[in-house]
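First the structure, in the form of structure tokens, and then the observations on it.
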Amino acid sequence: MTGYPMQLDLDAPDKIARWRPLVHWLLAIPQMIVLYALGIVQSIVWIIAFFAILFTGAMPESLFGFMAMTHRYQWRLASYIWFMREGYPPFDFTTVDQDPGGDPARFSVERAPKLSRGLIFVKWLLAIPHYIVLLFLFIAVYVVVIIGFFAVIITGKWPESLRTFVIGAMRWAYRVSIYTYLMTDTYPPFSLD
């Protein structure tokens, strides 16, 4: 990986069956239930990781792997719900930092051997400018997804520039997420790339 210690990509064809936007949200309900449970566990893991970093200056590999898996699971589900891919996301719970492959929605994050003990107290505060920008960015994302919905139903294809924008916005949001979940000390860039 180059640049930021996280990589998020989608290598799915932009052609989607026209009926899929109508049912993807319904088919994703079992995945959403699993993701909800993973989110609860991730909150507990975050608290444990906070104290682990506070006392040792590092996040244990098992906790880091779990958080990476949860973020990967979220990204795979989001790409499916927003009908950016046809294949159903797997119920994959591989707790590794690098994406094991096999799915078009890829998420990998590089584990830092040492993390700042003092920074864990202020990362949420440092991320506020990102949250303000992401608020407006995600308003645009939802508008783009609505446009994509009609584009896929009418043409059977996501407009490439709109799809690239959504992937870029998700990349930005996940960079901020791994920063606030204490997975990296590298401040996220204000960028869709």
Shared hydrophobic cluster, [X] / [Y] (ILVMFWY, side-chain heavy atoms < 4.5 Å):
X    : Y    : answer
L125 : Y187 : no
V122 : Y181 : yes
L134 : F136 : no

Salt-bridge criterion met for [X] and [Y] (N-O under 4.0 Å):
X    : Y    : answer
D99  : R76  : yes
R72  : D103 : no
D193 : R171 : no

side-chain contact (heavy atoms from CB on, under 4.5 Å) between R18 and V152: does it pass, once the steps are laid out?
-> CA-CA 6 Å; R18 293 178 180 180; V152 170; 5.5 Å; no
Considering the options K15, R20, K157, which one meets the salt bridge (charged side-chain N to carboxylate O under 4.0 Å, His left out) requirement together with E86?
->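 Answer after filtering K15, R20, K157: R20.
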For residues R175 and L8, determine if any side-chain heavy atom of one lies less than 4.5 Å from a side-chain heavy atom of the other.
-> no
Between W172 and H130, is any side-chain donor less than 3.5 angstrom from a side-chain acceptor?
-> yes
Taking atom types as modelled and ignoring hydrogens, do the side chains of E110 and Y4 form a donor-acceptor contact shorter than 3.5 angstrom?
->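 No donor-acceptor contact under 3.5 Å links the two side chains.
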Expected list for residues 51-66: side-chain donor-acceptor pairs under 3.5 angstrom, two or more places apart:
residue: T56; atom: OG1; partner: A52; partner atom: O; Å: 2.5
residue: T56; atom: OG1; partner: A58; partner atom: N; Å: 3.3
residue: T56; atom: OG1; partner: A58; partner atom: O; Å: 3.0

